[in-house]
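Chain A is the first sequence line, chain B the second, and so forth, proteins listed ahead of strands; every chain is numbered from 1.
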Amino acid sequence: MSSIKQVLSKDMVGKKVQLRGWIYRTRSSGGIVFAVLRDATGIIQVTVKKGNVPDHDFEDAAKAAIESSVMIEGEVAEDKRAPGGFEVRASRFTVVGFSEPFPITEYQSTELLLDQRHLWIRSREQNAVAKVKAALLKGARDWFHENDYVEVTPPIVTAVAPEDSTTLFQIKYFDRIAYLSQSAQFYLESLIFSLEKVYSLTPSFRAEKSRTPRHLAEYWHMEMEAAWMDNEGNMEVQEQLVTAMLQNAVKECPMELQLLKRDPATLRKIEPPFERMKYQEAMDYLQSKGQDVRWGSDLGAIEERTITVDKQLPVFIVNYPKELKPFYMKENPEDPRTYKNSDLLAPEGYGEIIGGSERETDNARMIAWLEEKGENMDNYKWYLDLRKYGSVPHSGFGLGIERIVTWVCKLDHIRDAIPYPRTVARVYP
RNA sequence: GCCGUCGUAGCUCAGUCGGUAGAGCGUCCGCCUGUUAAGCGGAAGGUCAACGGUUCGAAACCGUUCGACGGCGCCA
């Protein structure tokens, strides 16, 4: 048994091969059937001529609709009439499972593709995105491993949130209420006191009723936390990690990237250092572009797009005003109005992919902030404990996997960066 | 939460001034031994999202509801 990728080669011409897969396109012309076969690795045309296969095989080949699963035997030939330049001339054509008329045809609406997601994920685009995503994840894991980070497994069911601002999914947990995690950060912070450098890859959940091309209710969150690290070190980790992810995707998936209309060369050029733009500089730049912003304005979709649309490399926005960010960030001694934090924006207008900071180590400051917000201090007791027993400077960040996939794969919408997107309107299929 | 658009055949859509339903693709049948979204001939296929109103008459006009999509906010 061969894969289609193996067969698409001059070395294979004249060889007898066996393939199995699904019918991607089919046309018949009386005594000849042209069936384009798809497997996990690619597509190739199979020609089935009456007389060259058993009559029963020919009848089945003529009858089999798109997405029927088949096994074939035949000889590889180079033929410029065939899409892709190669074809297999069948001597056997066995239908394993006939397909009913496939619901997804040449004209497709967004709604249909979402309703038929379990079938649409067979598409070549979705196949390519899945492979690029896997390559990005492998690049990240390899980088962390080479740099002595320990992968840890924080809980998903939690009693409380790390941030007050976002909405949590509530679940019934035996005889009380619990929440689905929106960040592993607090748990990672607790683990650095023995492991020093940790990371995790978990689903995170946000119950906001977001309706944008950048938000999912359930997404894959890669988070890192390191002891003895300041925010400059934190940004260096981010730029190295993102570069390692991209380089691995370029290495493992050049064909997939091209199918997605992403030129691998533009990704290959991305390497540290990334530009660092202070929040104040971002405000000045946006004002020079005629946008009505001032100190204290948050960077929304339009602002992020304005900053990154002409950029080739990601850009850090550093030192946000405190009022725009959560309480656990470390005050910036050079400008106490701001935090030692950064957001990393992807180029070409894609926007935020990472948010990170050095963490506050002064419990008095955090308690004051929490009290001012009227938070229940019991929920934070264990977190505040971490500063009581040998506290150290430390930093970390969270990276949205589907956000980086959206950018790398040049997608219009984040829902295509995950097989089964969960949004306010979609939990099925 | 806010602003906007849309809902007609399995799919993508057209339907003018309110006069009772159309096309392409797909499906089924027939023809075709080199197709590239194949071609040719024929057939089947409709609760015009739902409910209410206006009217002699509503897919169309008005109202309500439901659903979907596009964007903003929130964030990764």
Who does B:G22 pair with, Watson-Crick or G-U, both distances under 3.5 Å? B:C13
Is any side-chain nitrogen or oxygen of A:Arg415 closer than 4.0 Å to OP1 or OP2 of B:G70? yes
Examine B:C74: is either OP1 or OP2 under 4.0 Å from a nitrogen or oxygen in the side chain of A:Arg214? Give yes or no. no
Does A:Lys373 make a cation-pi contact with A:Tyr380 (under 6.0 Å, within 45 degrees of the axis)? no
Answer with base, sugar-phosphate or nothing: what part of the nucleic acid does A:Gly300 contact at a heavy-atom distance below 4.0 Å? sugar-phosphate
Whole Å only: how far is the CD atom of A:Glu304 from the P atom of B:G71? 15 Å
Close residues, residues 127-135 of chain A, relative to RNA chain B [heavy-atom separation under 4.0 Å]: none
Given atom CG of A:Asp343 and atom C1' of B:C74, what is their separation to the nearest angstrom? 13 Å
Just checking A:Ile401: base, sugar-phosphate only, or nothing, at a heavy-atom cut-off of under 4.0 Å? nothing
From the list B:G1, B:C72, B:U33, which nucleotide is the closest neighbour of the side chain of A:Lys49? B:U33
Between A:Arg262 and A:Glu348, is the closest basic N to carboxylate O distance under 4.0 Å? yes
From the candidates B:G34, B:C75, B:G70, the one with an atom nearest any side-chain atom of A:Phe34 is B:G34
Rounded to the nearest 0.5 Å, how far does OG of A:Ser204 lie from CG of A:Leu180? 10.0 Å
Integer angstrom distance from the P of B:A21 to that of B:G26: 26 Å
Rounded to whole Å, please give me the gap between NE2 in A:His413 and P in B:A68. 14 Å
Rounded to whole Å, CZ of A:Phe86 lies from P of B:G34 at a distance of 22 Å
Looking at B:C75, B:G73, B:U35, which one has an atom nearest to any side-chain atom of A:Thr212? B:G73
Looking only at atom C1', what distance separates B:C13 and B:A59, rounded to whole Å? 14 Å
Ignoring backbone atoms, test whether A:Arg25 places a side-chain nitrogen or oxygen under 4.0 Å from the OP1 or OP2 oxygen of B:A37. no
On a heavy-atom basis, the closest approach of A:Pro54 and A:Ser91 is CD-O, 3.6 Å
What nucleotide among B:U35, B:C74, B:A76 has an atom nearest to a side-chain atom of A:Pro83? B:U35
When you check the gap from the basic side-chain N to the acidic O, do A:Lys278 and A:Asp335 get nearer than 4.0 Å? no
With a 4.5 Å limit on heavy-atom distance, are the side chains of A:Glu218 and A:Tyr420 in contact? no
Is the phosphate of B:G1, meaning OP1 or OP2, less than 4.0 Å from a side-chain N or O of A:Lys209? yes
Side chain of A:Arg403, heavy atoms from C-beta onward: which of B:C75, B:C74, B:C32 has the nearest atom to it? B:C75
Of the listed nucleotides B:G34, B:A76, B:C69, the one nearest the side chain of A:Thr110: B:C69
Rounded to whole angstrom units, what separation is found between the CG atom of A:Leu112 and the C1' atom of B:U12? 10 Å
Counting only Watson-Crick pairs (N1-N3 plus N6-O4 or O6-N4) and G-U wobbles (N1-O2, O6-N3), all under 3.5 Å, who is the partner of B:C74? none
Taking B:C61 as the reference, what is the distance to B:C25 when you measure between their P atoms (whole Å, please)? 30 Å
Categorize A:Glu87 for me: base, sugar-phosphate, or nothing, with a 4.0 angstrom heavy-atom threshold over every strand shown. base
Taking all non-hydrogen atoms of both residues into account, name the closest pair between A:Val237 and A:Phe397 and its distance. CG1-CE2, 3.8 Å
Round to a whole Å and report the spacing from CZ of A:Phe169 to P of B:C74. 19 Å
Whole-Å C1' distance, B:C51 and B:U47: 13 Å
Of the options B:C74, B:U35, B:G70, whose atoms approach the side-chain atoms of A:Ala82 most closely? B:U35
When rounded to the nearest Å, what value does the distance between C1' atoms of B:C2 and B:G73 take? 8 Å
Relative to the 5' end of RNA chain B, which residue comes earlier, A:Leu324 or A:Ile66, by the nucleotide with the nearest heavy atom? A:Ile66
For a quick test of reading the model: is some side-chain N or O of A:Arg27 closer than 4.0 Å to OP1 or OP2 of B:U33? no
Closest approach to the side chain of A:Ser109, judged atom by atom: which nucleotide of B:C11, B:G73, B:U35 is it? B:C11
Tell me the partner of B:C32, counting only Watson-Crick (N1-N3 plus N6-O4 or O6-N4) or G-U wobble (N1-O2 and O6-N3) with both under 3.5 Å; none if nothing fits. none
Could you walk me through whether A:Ser357 and A:Arg359 pass the side-chain hydrogen bond (donor to acceptor under 3.5 Å, both in side chains) test, one step at a time? CA-CA 6 Å; A:Ser357 71; A:Arg359 313 308 192 188; 2.8 Å; yes
Of the options B:C32, B:U35, B:C74, whose atoms approach the side-chain atoms of A:Ser28 most closely? B:C32
In whole angstroms, how far is the P atom of B:U27 from the CD atom of A:Glu67? 13 Å
Once you apply a heavy-atom cut-off of 4.0 Å, does A:Arg426 come out as touching a base, just sugar-phosphate, or nothing? sugar-phosphate
Using Watson-Crick or G-U wobble geometry with both distances below 3.5 Å, tell me the partner of B:U5, or none. B:A68
Which one is paired to B:A44, where only Watson-Crick or G-U wobble pairs with both distances under 3.5 angstrom count? none
In whole angstrom, give me the gap between the C1' atoms of B:G22 and B:G45. 13 Å
Which distance, rounded to the nearest 0.5 Å, do you find between the NE2 of A:His394 and the CG of A:Asp230? 13.0 Å
Return whichever of A:Leu299 or A:Gln45 has its heavy-atom-nearest nucleotide of RNA chain B closer to the 5' end. A:Gln45
Could you tell me whether A:Glu232 and A:Lys340 have a side-chain N and a carboxylate O separated by less than 4.0 Å? no
Mark yes or no for a side-chain to base donor-acceptor pair under 3.5 Å between A:Glu100 and B:G10, with no hydrogen or angle criteria applied. no
B:G71 C1' sits how many Å from A:Ile302 CD1, rounded? 9 Å
Using a 6.0 Å distance limit plus a 45 degree cone around the ring axis, check whether A:Lys325 lies over the aromatic ring of A:Tyr320. yes
Using a cut-off of 4.0 Å on non-hydrogen atoms, how would the nucleic acid contact of A:Asp79 be classed: base, sugar-phosphate, or nothing? base
Looking at the side chain of A:Thr47, which of B:G34, B:G70, B:C75 is the nearest nucleotide? B:G34
If the C1' atom of B:A68 is compared with that of B:C28, how far apart are they to the nearest Å? 32 Å
For a quick check, tell me whether the side chain of A:Thr105 and the base of B:C25 share a donor-acceptor pair closer than 3.5 Å. no
Identify the nucleotide, in any strand shown, that forms a Watson-Crick or G-U wobble pair with B:U54, with both distances under 3.5 Å; if there is none, say none. none
Indicate yes or no: does A:Asp292 engage A:Arg294 in a salt bridge with an N to O separation below 4.0 Å. yes
When rounded to the nearest Å, what value does the distance between P atoms of B:G53 and B:C40 take? 48 Å
